[in-house]
Amino acid sequence: MSLGEEQEHFPDTALPAEVNVGLSPLQAVMEWAAEGNPPGQRVAYILSIPAAAAESSLGEARNVLLPLLSQLAFDDHPDVKQATAEVLGPLGPILAGKDPELVEMGGSADAMDLLVLSHRLLQDAERGVQEAAASSVAMFAGLLTREHRNEHLSAVVDALMHSYDDEQMQECAVDLLAKVVAVSGRSFPDWCEACALPRMLRLAMHRDYSIRVHSVAGLVQLAACVPEAERTGPLLSAYADLCADQVWSVRQDCAGELAAMAAHLPRQAVRDRLLPLWLALAGDVSAWVQAAAHRQAGPLLASICPEDCTEELLEVFVSAASGAATLPEACAHFLPAVLHNLGMQRWPQLREAVASLAASDSAATRVMLAGSMHQLAAMVGPSLVVTDLLPVIEVLSSDEHQAVSDALAVNICPLLAALPPSARLPQLAFLARIHPSGGGGACGPWRMRLVIAQQLSAIAALLGKQGLAEALLPATLRLCEDPVAAVREAAAAQLGLMVGGLLAQAEAQQAEQQEGQGEEQVPPEQEGPLEAQPEQQPAHEQQGQQGTQPQQCPLKQAEEPGERVVHGASAEQPRQVQEGSEPASKEGLAMEGQAEEEQLDGGSAAAAAAAAAAHAAPAAPAAQPDGEEENSKAVEGRLEPDAASIVDGAAELLEQQGEQQQAKREGEQPQEQEEKQQQEQQQQVRQEQDAADAQAVQWGATANPAAVVQQIVQHMVELQRSGGYRARQTYIAFCTALLLPKAAAAALPLSALPATPPGGTAHAATNIVGDAGQATATGPAAPTAAAAQQEAGAILPAPQWPQLDKGVAGSGTVLGLLEGAVALAGDRVPNVRLGVARLLAALTVQQPGLAAGPTVTAALVALAADGDRDVQQAAAGRAPAVL
């Protein structure tokens, strides 16, 4: 429809004029909110009046905006009047904040002017305008002086109540009193007692039932503000009269406010007067009143004194579990609070409610029950959780509705903590179902996977070796390859925390073995602090090191297609064959032999495997199409299938199948050979999955922490080597969580991060090959920024960062993973370099021993001169580092 046709269909609607962007907010409001402009445009500018007042002076707001609002309050268009009523409330605090005489006067004079405008709008014929004006009065009523509040605000209410036959005005008076009391009543109890309570009691006896219905909520609000004598006297008597009202809708509203009223009454009044009212309403002739009273059984039991609990009240709550409509859902919602308040002596009765809720036909009820099972399990204790709750948990975990098992999984960590160790592993069966089933970019319910990924390290602390190998580690490694970045990063971070704990366990076990055998042999990487070992190198650097040649920056990308840079060494190694290469197979056999000897070496096999695999990765992958980089999976350096690699291979095959199915839907007919290959792949996936399950059981029963670490490190290094840039980002997140334990102290301000690594010396100029292949000259860091940061660091106290254990920090596993991360500083993807820069910048502050080597120093110098500004700032410590 063209503009001309639209104007013919709506002749009274003028088209919006062109807006002058050079006007100030106050001038724009004056020009476009005035009469004569289109109503929609006027409403938009009226709603911007609070923002214009905030940017204007108090004099401009008083002289310009208040007269404009006076005109708008008498406008003929209802939308304009309603918008005017809505802005009066937020305008009051803005003007009061600019008033220098606010404290001396005891209130705001502008609030009185706004009350006058609101009084006009409260008498409007449109109900929407009245409700908006009542809400605005409640927002600035606290800014009125004591005199204005007692006289003028009460006069406004009296004016609305003046016409007894005007039901709309009477309802507006009830609405105004209830909103003002709810917002400001606790601050002015004298006004509530002297002015609000008498008027609310009069409205509660009005002949029109709709006004009596609205007064119920007002009485409950006043019960929180008036003195106890008034609360238990005339107010409670008026509420009791409404509970016995002839109109069922009035009694229904009273039944729905029973728990809220009980929260404001003393114990004796609840026991002697309120509980009998509930009993009468629970047996009301109206089914609607009964249902409302039955829904209040739960909140009443959760708030009253346990000694005052009656059998009738508890019986109604238990029977609600098998009731109709929303009663079971309300029962499941309040069940933990009821058990917590009444205590375990009431568990025999409440146990029946749990069984009824678990067998409910309503999926929403079962979801509510599943979401509270961890609370119930923690309260009943280990002696009863196995017999009373474990069968219910098993039923809910196998529910036909996915939302029920998801509700259990959201709180899986506290649930496992409440269960005995023997019952924890079966509850992790859902981990095999949380991964997206579709191929390609199918994300599925990724928020659910994110919640699970954030609890992995806490779950690992509750499991034994078998549970870690059979359920948690395979699921964690698959989550590290999730299609959603947030899930991958969370899983990788949790995996890093798990590896850190396993390394500490391995070191402790090795120390115990050495003490028991009387041996004093310590691995070379654990002798003394890192600073005292400048000549120590991981195992992979001992091959091909050239004499006394100094170590160069490992960031130079391969200039030839087959060239590969060895991390931490100056010698170059030839490229290995992609498939079936002899060096790769020899490496796999050697690493498997090391796994058999790791029981004696105390983790040295895992260290050598991590170092060798991490330093076989290229510093910067050769340029190739984006699709090939993200989807290609190099098989170079693959080991024999294990629990982690089999699951990884299965995920790759499933992804390939999803891509082929997508191509078929787009019209590409696969050949017969591809179809045959798909069938073979599916059969291979099933065989590998069976082998993974069998091997996982064996692994969990026989392996020690060092072997578990070896499997994890091998998988993450292979993922970093064979995946695209997303896999490299996941690897960085994994290394970050491992190398930077979370600090208990306050986070270090970003300005206090040093621009240079510990030592304070300026770095020599270095030539770094950029993305375009041109050498970029880099010099010392900017002295101005460095001086400012050093000054800030001298003023602010440095927090006590938790340090890695000396044996863990000096292990080849940690050193190999760190140098693998440093090698990614020359990656061609800026986000990967940004992750490395943040890691190394935080490492210099939190773990100076690990960052003291020349490799980290050279990488920081190169990243500080990166072509990407974010990478530069992160390397200099000014960007949000991983703290």
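Note that the coordinates shown come from a computational prediction; the quantities given were computed from them, not determined experimentally.
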Flag side-chain contact, heavy atom, 4.5 Å: [X] against [Y]:
{"X": "Glu193", "Y": "Leu222", "value": "no"}
{"X": "Asp245", "Y": "Arg212", "value": "yes"}
{"X": "Cys192", "Y": "Leu197", "value": "no"}
{"X": "Leu235", "Y": "Glu230", "value": "no"}
{"X": "Ile459", "Y": "Leu472", "value": "yes"}
{"X": "Ile412", "Y": "Leu408", "value": "no"}
{"X": "Leu495", "Y": "Leu456", "value": "no"}
{"X": "Val354", "Y": "Trp347", "value": "yes"}

Any side-chain to backbone donor/acceptor pair from [X] onto [Y]? Under 3.5 Å, distance only.
{"X": "Gln455", "Y": "Val451", "result": "yes"}
{"X": "Tyr239", "Y": "Cys254", "result": "yes"}
{"X": "Arg231", "Y": "Ala223", "result": "yes"}
{"X": "Arg424", "Y": "Leu419", "result": "yes"}
{"X": "Thr310", "Y": "Leu313", "result": "yes"}
{"X": "Asp805", "Y": "Ala504", "result": "no"}
{"X": "Gln296", "Y": "Ala259", "result": "yes"}
{"X": "Arg449", "Y": "Asp482", "result": "no"}
{"X": "Arg366", "Y": "Ser360", "result": "yes"}
{"X": "Gln803", "Y": "Gln846", "result": "yes"}

Grab the two heavy atoms, one from [X] and one from [Y], that are nearest each other, plus how far apart they are.
{"X": "Ile452", "Y": "Leu431", "result": "CG2-CD2, 3.8 Å"}
{"X": "Met200", "Y": "Leu177", "result": "CE-CB, 3.6 Å"}
{"X": "Gly323", "Y": "Pro328", "result": "O-CG, 3.4 Å"}
{"X": "Leu719", "Y": "Cys480", "result": "CD2-O, 4.1 Å"}
{"X": "Ala423", "Y": "Leu390", "result": "CB-CD2, 3.8 Å"}
{"X": "Leu739", "Y": "Gln847", "result": "O-CG, 3.3 Å"}

side-chain contact (heavy atoms from CB on, under 4.5 Å) assessment of Leu738 paired with Leu503: CA-CA 10 Å; Leu738 175 60; Leu503 283 174; 4.2 Å; yes
Once you round to the nearest 0.5 Å, how far does [atom1] of [X] lie from [atom2] of [Y]?
{"X": "Leu502", "Y": "Glu507", "atom1": "CG", "atom2": "CD", "answer": "12.0 Å"}
{"X": "Cys309", "Y": "Gln349", "atom1": "SG", "atom2": "CD", "answer": "8.5 Å"}
{"X": "Leu389", "Y": "Met373", "atom1": "CG", "atom2": "CE", "answer": "4.5 Å"}
{"X": "Ser237", "Y": "Leu242", "atom1": "OG", "atom2": "CG", "answer": "11.0 Å"}
{"X": "Leu462", "Y": "Leu425", "atom1": "CG", "atom2": "CG", "answer": "12.5 Å"}
{"X": "Leu416", "Y": "Asn411", "atom1": "CG", "atom2": "CG", "answer": "11.0 Å"}

Do Val270 and Arg267 pass the side-chain contact (heavy atoms from CB on, under 4.5 Å) test, and can you show the C-alpha distance, the side-chain angles, and the key distance before you say yes or no? CA-CA 5 Å; Val270 173; Arg267 175 185 175 183; 5.8 Å; no
Using residues 274-283 as the side-chain source, report each donor-acceptor pair under 3.5 Å to any protein atom, sequence neighbours left out, with the distance given to one decimal.
{"from": "Trp278", "atom 1": "NE1", "to": "Ala293", "atom 2": "O", "distance (Å)": "2.8"}

For Cys243 and Arg251: C-alpha separation, side-chain torsions, deciding distance, then whether side-chain contact (heavy atoms from CB on, under 4.5 Å) applies. CA-CA 5 Å; Cys243 289; Arg251 302 196 303 273; 6.0 Å; no
Greater than 12 external heavy atoms within 6.0 Å of Gln268's CD: no
Between Glu311 and Arg346 (salt bridge meaning N to carboxylate O under 4.0 Å), is one present in this structure? yes
Can you confirm whether the side chains of His715 and Glu481 place a donor and an acceptor under 3.5 Å from each other? yes
Under 3.5 Å, is there a donor-acceptor pair linking the side chains of Asp284 and Trp248? no
Could you give me the CA-CA distance, side-chain angles and deciding distance for Leu300 and Phe317, then say whether side-chain contact (heavy atoms from CB on, under 4.5 Å) is met? CA-CA 10 Å; Leu300 280 174; Phe317 177 74; over 6 Å; no
